[in-house]
Amino acid sequence: QSAHRAGLRGFIRYGWRWSWRVAAFVTVFNMVSTGLTVYRNKTTISNFASAGAFTGALFRMHLGLQGLAGGFMFGAVFGIPAGGLLMVMQKLAGETLQEKRNRERQEMYERKAAEWQSRLSVTEVLVQMESNTQEGPETERARE
């Protein structure tokens, strides 16, 4: 029981030191990989490898050129399996994020096109009604 308490105290004491680092690493990794995916309009392993390389290099930059190169390699090596795992999980879910984004974009386009078409038809009806009302007095004057 005392070993359990000691382990819990150690986790609380040192867990905070690592938790913010892990959170920052994951945030930068996700921002870079998402940015590349959106920019290139496709999800590939190279996006995750690049994101891992960038993040690893960023977090090891303070160690000089060797640390930068080591972080770059370490990040790229670990970014590949992380990206592969994410892509496999998306495929198992039935729809990748890219497919979902394209489907939602197409649905929104179709909805806006239908709305625009309905507004256009209302405008055409109003123009025809206006022209009918203007023709009315002119045809009456012509009859007189």
Side-chain angles (χ1 to χ4, degrees), residues 4-5 7-144:
H4 178 71
R5 287 185 187 136
L8 187 59
R9 278 193 309 269
F11 179 75
I12 291 169
R13 182 181 302 143
Y14 298 109
W16 171 251
R17 292 181 185 174
W18 285 99
S19 66
W20 71 269
R21 291 180 178 112
V22 171
F25 188 90
V26 169
T27 301
V28 172
F29 178 84
N30 283 332
M31 285 175 56
V32 172
S33 67
T34 302
L36 287 171
T37 299
V38 169
Y39 179 74
R40 297 177 67 197
N41 200 23
K42 62 182 176 180
T43 303
T44 61
I45 293 290
S46 63
N47 291 353
F48 295 103
S50 300
F54 176 80
T55 308
L58 182 69
F59 276 79
R60 291 293 169 194
M61 190 170 44
H62 70 281
L63 298 175
L65 192 57
Q66 285 181 331
L68 184 80
F72 184 87
M73 294 302 295
F74 185 78
V77 166
F78 281 103
I80 292 171
L85 180 65
L86 287 171
M87 290 176 67
V88 166
M89 288 174 57
Q90 288 177 5
K91 283 289 187 188
L92 290 176
E95 184 178 40
T96 65
L97 291 176
Q98 184 67 34
E99 292 167 349
K100 180 181 177 183
R101 188 170 32 251
N102 288 341
R103 178 180 50 79
E104 288 174 349
R105 185 180 297 136
Q106 182 67 26
E107 289 172 356
M108 184 174 19
Y109 172 77
E110 290 171 357
R111 189 173 55 247
K112 287 192 178 209
E115 180 183 336
W116 181 75
Q117 190 64 34
S118 69
R119 287 184 179 184
L120 185 62
S121 65
V122 168
T123 305
E124 289 172 355
V125 168
L126 289 175
V127 168
Q128 189 170 357
M129 286 174 55
E130 184 178 299
S131 66
N132 288 343
T133 58
Q134 288 176 355
E135 287 177 7
E138 292 173 2
T139 54
E140 287 178 19
R141 288 181 190 158
R143 287 183 200 162
E144 294 176 355

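Positions are given from 1, in the same order as the sequence printed here. Not measured: the values here are computed from a predicted model.
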### Query
So, do I12 and R9 sit near enough that their side-chain heavy atoms are less than 4.5 Å apart?
no
### Task
For the pair T55 (side chain) and G52 (backbone), establish whether a donor and an acceptor sit closer than 3.5 Å, ignoring hydrogens and angles.
no
### Query
Will you find, in the side chains of T37 and N47, an N or O donor that is under 3.5 Å from an N or O acceptor?
yes
### For F25, all residues meeting ring-ring contact (aromatic ring centres under 6.0 Å, His included), sequence neighbours excluded
F59
### Task
Before accepting this row, confirm whether a basic side-chain N of the pair E107/R111 lies closer than 4.0 Å to the acidic partner's carboxylate O.
no
### Summary
Distance col, row L85:CG vs I80:CD1, nearest 0.5 angstrom, shows 14.0 Å
### Query
Of R101, R103, K100, which is the lone residue that meets salt bridge (charged side-chain N to carboxylate O under 4.0 Å, His left out) with E95?
R103
### Query
Do L68 and R60 come within less than 4.5 Å of each other through their side chains, counting heavy atoms only?
no
### Query
Is T43 close to F48 at the side-chain level, that is, under 4.5 Å between some pair of heavy atoms?
yes
### Task
Applying side chain to side chain contact (heavy atoms under 4.5 Å, CB included), name anything that partners T96, two or more places apart in sequence or on another chain.
Q90, K91, Q98, E99
### Query
Between E115 and R119, is there a salt bridge with N-O shorter than 4.0 Å?
yes
### Message
If the condition is ring-ring contact (aromatic ring centres under 6.0 Å, His included), which residues does F72 pass it with, not counting sequence neighbours?
### Response
none
#### Entry: Counterpart residues, side chain to side chain contact (heavy atoms under 4.5 Å, CB included), relative to S46 (two or more places apart)
R40, T44
### Task
Apply side-chain hydrogen bond (donor to acceptor under 3.5 Å, both in side chains) to E104 and list each qualifying residue two or more places apart in sequence or on a separate chain.
none
### Task
Taking the side chain as every heavy atom from C-beta outward, state whether S50 and V32 have any atom pair closer than 4.5 Å.
no
### Query
Is V28 close to L58 at the side-chain level, that is, under 4.5 Å between some pair of heavy atoms?
yes
### Task
Kindly write out the residues that satisfy ring-ring contact (aromatic ring centres under 6.0 Å, His included) with F78, not counting sequence neighbours, or none if the list is empty.
F74
### Summary
In short, A23 meets T27 closest at the heavy-atom pair O-OG1, 2.7 Å
### Query
Taking everything shown except L65 itself, do over 12 heavy atoms lie less than 6.0 Å from its CG?
no
#### Entry: Atom CE of M73 with >12 non-hydrogen neighbours under 6.0 angstrom
no
